Amino acid sequence: MKFIKWYKYIVCGAWAVLAFTHGVMAGPDADDPDTMDRIVHSPMLPIAMTDPIDTGTLLFSDSPEYPEQDGILYADKVSGDCRMYFYHVNQGHSPRKIVVMAYNPTGSVVDVVLKGYQYTRPSTSYYTVGKELSTIYYEGYATISKIPVEPYGYALLGSRLNDVSILPDQLFSGIVDMELPVPMYISAVILPVQADPVAFVQKQIYLPSDAAKLRGTFRGKDRYLSTLIPYSPNDGTGYVKIADGIADRFLQGRDVMDNRISENTGNYGVNYTIRLRTKGVGNIYMYFNPQGGEYAGVAELIYTNQKNGDDRKIVELPSKTLSMGQNDPFAMQYIDSFKAGSDVIVHIMPPGAANLPVRIVLVPDKQLRDAADAADKLKKLTDKAKNQMAEESDEEQQINRKAAQEAKRNTADEQAQHVQKNQRRHYEPVVIGN
């Protein structure tokens, strides 16, 4: 059995610089905001990637995103390696729950292999839900279990989902991974908290999609990408773009409930495996750059080490705030550093609340140092200008203070003279004629 060493990793200030992570010696502050601003505005080229390899089946349920009625949110007949990813806000007036159900259309008992399921705490903070679900998914250790489904019967997939109460206006999102030995009907259902899932789903109440129509069945719950040619620091700053619909195409599928072609715009619920093969010498610094808008999630990094097994770490995106990238396509998050010649695997799953596309940016040590030096020079010039302005301001304030004091003294002298004059007039003797 391969040994896996795992630990959570949050990038914080100087630690990113001082850590000798994966052979990287101490260098410039890779997490400095001014340096990152220089990098994201600098010239860079896309890194050539292999064609995507999509495996498994994704059932994506995000429409209607704000269901007001109870019923089946999305359902389809699927088999093999499948994932149900649901994302819905309780728009009703009372507490509700969302469950995932399996229906066996055969005359024999079928065992569904439940490979794992994760869900968030319901919340009105959508980005909290998105980041939390991603974190739970990559942190969790899946436990495999078998759920028997009787002939022409129903079964609940993920018993704990039945215990989660979603209050009005709260978002609830979850992931259910399963292996289906025969074609079965899998559905995401929203229903009252007190209702029995099996009895309710038999009513066959199907909910129409909303204007976004973001739901369907797609080939590719998992996507594998790899560098076509190993990346070298000599190539300069490069990037891998994710879920832009062009360089990284969106999943195309079908919404069987609407009987229409569907597109997963954003590839939500897809577990990306991005293999970054590198060569050459020197340090490589990895950054995250959301370009489509506000984003909150995590990335899992895996470094292969033949002697000690695999090192794994999870990086929050972003690590210091809940979300990043709102109205700022140049937002940057430092992820990690490693030595050229290493192979790094990046796992990332676009959360339902996030905006796409995003970029993973690789920066060689030279480019980082150049950016850090330029940022430092600009900072010094700015500080010098501020100091000069402060000195000029102090000098001007002194002149103004002296002028004010002089004016005050002049005013005081004038007032004193005026008083003395009045006093003389008051005591001047009055001459009365004969």
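Keep in mind the model is a prediction, meaning the values are calculated, not measured.
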Can you name the closest pair of heavy atoms from [X] and [Y] and give their distance?
X: Ser165; Y: Pro122; value: O-CG, 3.7 Å
X: Val270; Y: Gly220; value: CG2-O, 3.7 Å
X: Ser187; Y: Met84; value: C-CE, 3.9 Å
X: Arg215; Y: Leu207; value: NH1-O, 3.1 Å
X: Ala299; Y: Val346; value: CB-CG1, 4.4 Å
X: Leu167; Y: Pro95; value: CD2-CG, 4.0 Å

Where do Asp365 and Lys339 land on the salt bridge (Lys or Arg N to Asp or Glu O under 4.0 Å) test, with the steps shown first? CA-CA 10 Å; Asp365 185 69; Lys339 295 290 288 184; over 6 Å; no

Stepwise side-chain contact (heavy atoms from CB on, under 4.5 Å) test for Asp343 and Leu276: CA-CA 6 Å; Asp343 276 11; Leu276 301 174; over 6 Å; no

Flag yes if more than 12 heavy atoms outside [X] fall under 6.0 Å of its [atom1] atom; otherwise flag no.
X: Arg121; atom1: CZ; result: no
X: Gln69; atom1: CD; result: no
X: Ile229; atom1: CD1; result: no

Criterion salt bridge (Lys or Arg N to Asp or Glu O under 4.0 Å) on Arg38 and Asp370, from CA distance to verdict: CA-CA 9 Å; Arg38 283 273 176 177; Asp370 289 346; over 6 Å; no

Does [Y] offer a backbone N or O that forms a donor-acceptor pair with the side chain of [X] under 3.5 Å?
X: Asn289; Y: Met332; result: no
X: Asp255; Y: Asn259; result: no
X: Arg83; Y: Lys221; result: yes
X: Ser342; Y: Val344; result: no
X: Asp244; Y: Ala247; result: yes
X: Tyr334; Y: Tyr285; result: no
X: Asp248; Y: Ile242; result: no
X: Lys203; Y: Gly71; result: no
X: Lys131; Y: Leu322; result: yes
X: Ser323; Y: Ala296; result: no

Reported [atom1]-to-[atom2] distance for the pair [X] and [Y], which is rounded to 0.5 angstrom:
X: Thr120; Y: Leu171; atom1: OG1; atom2: CG; value: 6.0 Å
X: Ile190; Y: Ile205; atom1: CD1; atom2: CD1; value: 12.0 Å
X: Thr57; Y: Asp222; atom1: OG1; atom2: CG; value: 10.0 Å
X: Leu58; Y: Arg219; atom1: CG; atom2: CZ; value: 11.5 Å
X: Asp111; Y: Ser145; atom1: CG; atom2: OG; value: 10.5 Å
X: Gln118; Y: Ser134; atom1: CD; atom2: OG; value: 10.5 Å

Is the closest basic N to carboxylate O distance between [X] and [Y] below 4.0 Å?
X: Lys380; Y: Asp376; result: yes
X: Asp54; Y: Arg249; result: yes
X: Glu300; Y: Lys313; result: no

Between [X] and [Y], a side-chain donor and acceptor under 3.5 Å:
X: Ser209; Y: Asp258; result: yes
X: Glu68; Y: Gln91; result: no
X: Arg359; Y: Tyr287; result: no

Pairs involving residues 186-235, ordered by first then second residue, that meet ring-ring contact (aromatic ring centres under 6.0 Å, His included) (sequence neighbours left out):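 Non-adjacent pairs meeting ring-ring contact (aromatic ring centres under 6.0 Å, His included): zero.
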
Enumerate the residue pairs fulfilling ring-ring contact (aromatic ring centres under 6.0 Å, His included) with a member in residues 31-67, sequence neighbours excluded, ordered by first and then second residue.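 Only His41-Phe330, Phe60-Tyr85 qualify under ring-ring contact (aromatic ring centres under 6.0 Å, His included).
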
Would you mind reporting whether [Y] and [X] have side-chain heavy atoms less than 4.5 Å apart?
X: Lys97; Y: Leu161; value: no
X: Val361; Y: Thr237; value: yes
X: Met101; Y: Ile72; value: no
X: Thr55; Y: Asp81; value: no
X: Val78; Y: Tyr185; value: no
X: Asp76; Y: Ile186; value: no
X: Phe172; Y: Val164; value: yes
X: Ile144; Y: Leu114; value: no

Go through the steps for Val109 and Val149 under the test side-chain contact (heavy atoms from CB on, under 4.5 Å), then give the verdict. CA-CA 6 Å; Val109 176; Val149 188; over 6 Å; no

Identify every side-chain donor-acceptor pair in residues 351-358 under 3.5 Å, counting partners at least two apart or on other chains, and give the distances.
residue, atom, partner, partner atom, Å
Asn355, ND2, Tyr127, OH, 3.4
Asn355, ND2, Glu294, O, 2.8

Test side-chain contact (heavy atoms from CB on, under 4.5 Å), reference Ile348, set Leu317, Val315, Thr273, output is Leu317

Name of the residue among Ser173, Ser63, Ser61 meeting side chain to side chain donor-acceptor pair (under 3.5 Å) with His88: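 So, applying the side chain to side chain donor-acceptor pair (under 3.5 Å) to His88 and each of Ser173, Ser63, Ser61, only Ser61 qualifies.
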
If you apply the rule side-chain contact (heavy atoms from CB on, under 4.5 Å), what do you find for Met49 with Val240, and how did you get there? CA-CA 8 Å; Met49 305 296 289; Val240 178; 3.8 Å; yes

Is there a side-chain contact (heavy atoms from CB on, under 4.5 Å) between Val298 and Glu139? Walk through the geometry before answering. CA-CA 10 Å; Val298 301; Glu139 280 188 351; over 6 Å; no

Verdict with supporting geometry, Asp373 and Arg369, salt bridge (Lys or Arg N to Asp or Glu O under 4.0 Å): CA-CA 6 Å; Asp373 289 344; Arg369 292 180 183 276; over 6 Å; no

Centroid-to-centroid, Tyr152 to Tyr103, below 6.0 Å? no

